[in-house]
2 protein chains.
Amino acid sequence: MSLRHAMLGLLANEPASGYDLMKGFETSLSNVWPATQSQVYGELAKLAKAGLLEVSAEGPRGRKEYAITSDGRMELHRWLTEPQPDTPRRSDALLRVFFLNHLTPLEAITYLTGEAERASRQHEALTELEGRIDWGDDPLSVNGRLAFEYGLRFTAMREEWARWAAEELDKTRGE
Amino acid sequence: MSLRHAMLGLLANEPASGYDLMKGFETSLSNVWPATQSQVYGELAKLAKAGLLEVSAEGPRGRKEYAITSDGRMELHRWLTEPQPDTPRRSDALLRVFFLNHLTPLEAITYLTGEAERASRQHEALTELEGRIDWGDDPLSVNGRLAFEYGLRFTAMREEWARWAAEELDKTRGE
DNA sequence: TCCTCCATGTAAACTGTTACATGATTTG
DNA sequence: CAAATCATGTAACAGTTTACATGGAGGA
C-alpha cells in the first residue's frame, strides 16, 4: 500500500507526469521501492479520483502533469508519522538457509559464499554509485545520503554474516 | 514464488498435513516466510496436482498427510542451487527516509529514534526467543541458528544506523 | 525518413491477505 | 457436555509483474 505514498512523496517536491515519476522509480527509488509503469499510471488515476492529486497541466502527446493537493499532503504527513508496526519481512535468501541440510555440505558452503559475493558486489556497486552522484544540499540529496549509508551498512553486514555462516558449516563438516 | 519451496523444504524433512505445515510457518519460519492457512491449503493442492507432492496417508477429520515425491526433491534442489539474482528489496522504512524533508526536523528525528527503538525491541525479542528455544542437533536447529544470527546482526545494524541518522539530522538542524 | 524518446494506457496471470464457512475429535 | 484443538476448504479483494498496444514529437 506504499506505492501511493512513494508517488505522493515525489509529487510533494514538484508536479510531474507519470513518465517523470517513472524516472524517479528507476533511479533514486529503484533500490527502495521499485514500481512498474502499469502500476504508476493506474495509481495516478486512482489518486486523482480520490482527490489526493489533480491534473495541473497538459502537454504534447497527451502528457498530463499531476500536482499534489492539500488532502494529498495531509495523507503523506499522516503516513510519515503513523505508528509503525514491527514488521516481519520475507527473505528468499534466509529461507534457503533453513533448508541447506538438503544439500551436500559442499553445495551449502558454495551457496553461502555465493551470498557473500553477491553482498560484496552490491556493496561495491553502491560505493561506485555514491561517487558518481552529484550530492547537493537539496532535500532529496540529504535523505538520499541517509538511505545510502543504510545500504552500505546492510551489504557489509550481509557479507560478514555469510562468511561467518560458511565457516560455521565448514567446522561442522569436519566432524 | 517461494511459498512452494518453503513447503517442499518442510516436507523434505518429514511428511505432514496442511495443519502441521501451518505450525512450521507460525514458529520457525514466521520471521522468514510467513504464510496464511489459505495459501498453504491452496498450494498443497497445486503441488500435488503438479506431482511434486503426494497424499501419503489419510487420518481422522479428513486429515491428509502429504509426502514429497522425487520430482519434488529435484525441484527443491534446483531452487536451492539456482543462480541468485542481486535482488532489490522493498522497504517501507527506507521509503519514508526519502521523504523525511516533508516533516519538521523534530518530527523526522522522532521517526528515526522510533526506528531505532523498533530495531532494538526486535533484537531483544530475538535474544529472548533464542533462550527459550530448545536447540537440538536436528537439521532445522542447525540452520535455524544461522538464520537467528542473521536476525541478531540485522537488528543491531538497523538500530545503529537509525541512531546515526538521527544524529546527522540533528547536526543539520543546528545550522 | 528513420530512430529515439516521450507518453499513456489495458489485460491477464500470479501472490498474498482477510474473512467466511464448516465440521470432527479429544480432553477436562 | 463444553471448550479447545484439529482439520480443510472457498471467496473477495489488493498489490505486483509481464506483456500487449498505440501513437506523437523532435532530432540526425
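Sequence lines set the chain letters: A, B, ... in the order given, protein chains first and strands last, and positions in each chain run from 1. None of the values given here were measured: they were computed from a predicted structure.
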>> Between B:Val32 and A:Val97, is there a side-chain heavy-atom distance shorter than 4.5 Å?
In response: no
>> Between A:Gln84 and B:Tyr111, is there a side-chain heavy-atom distance shorter than 4.5 Å?
In response: yes
> Do B:Arg153 and A:Trp164 meet the cation-pi criteria used here (NZ or CZ under 6.0 Å from the six-membered ring centre, within 45° of the axis)?
Replying inline: yes
> Any Lys/Arg nitrogen of A:Glu128 or A:Arg132 sitting under 4.0 Å from an Asp/Glu carboxylate oxygen of the other?
Replying inline: yes
> Tell me, which of residues 37-64 of chain B have any heavy atom that sits under 4.0 Å from an atom in DNA chain D?
Replying inline: B:Gln37, B:Ser38, B:Tyr41, B:Arg61, B:Gly62, B:Arg63, B:Lys64
> Distance from B:Leu80 atom CG to B:Arg78 atom CZ, nearest 0.5 Å?
Replying inline: 9.5 Å
> Which parts of residues 9-35 of chain A get close to DNA chain D, meaning a heavy atom less than 4.0 angstrom away?
Replying inline: A:Trp33
> Does any non-hydrogen side-chain atom of B:Arg158 lie less than 4.5 Å from one of A:Tyr150?
Replying inline: yes
> Between A:Glu124 and A:Arg121, is there a side-chain N and carboxylate O pair less than 4.0 Å apart?
Replying inline: no
>> Whether B:Arg63 and B:Asp20 form a salt bridge (side-chain N of Lys/Arg under 4.0 Å from carboxylate O of Asp/Glu) is what I want to check.
In response: yes
> Under 4.0 angstrom, heavy atoms only, what part of the nucleic acid is A:Arg90 near: base, sugar-phosphate, or nothing?
Replying inline: sugar-phosphate
> Using a heavy-atom cut-off of 4.0 Å to chain B, what are the terminal contacting nucleotides of DNA chain D, in 5' to 3' order?
Replying inline: D:dT5 to D:dT17
> Is it true that B:Lys23 and B:Glu26 have a side-chain N and a carboxylate O under 4.0 angstrom from each other?
Replying inline: no
> Are A:Glu159 and A:Arg163 close enough for a salt bridge, meaning some N to O gap below 4.0 Å?
Replying inline: yes
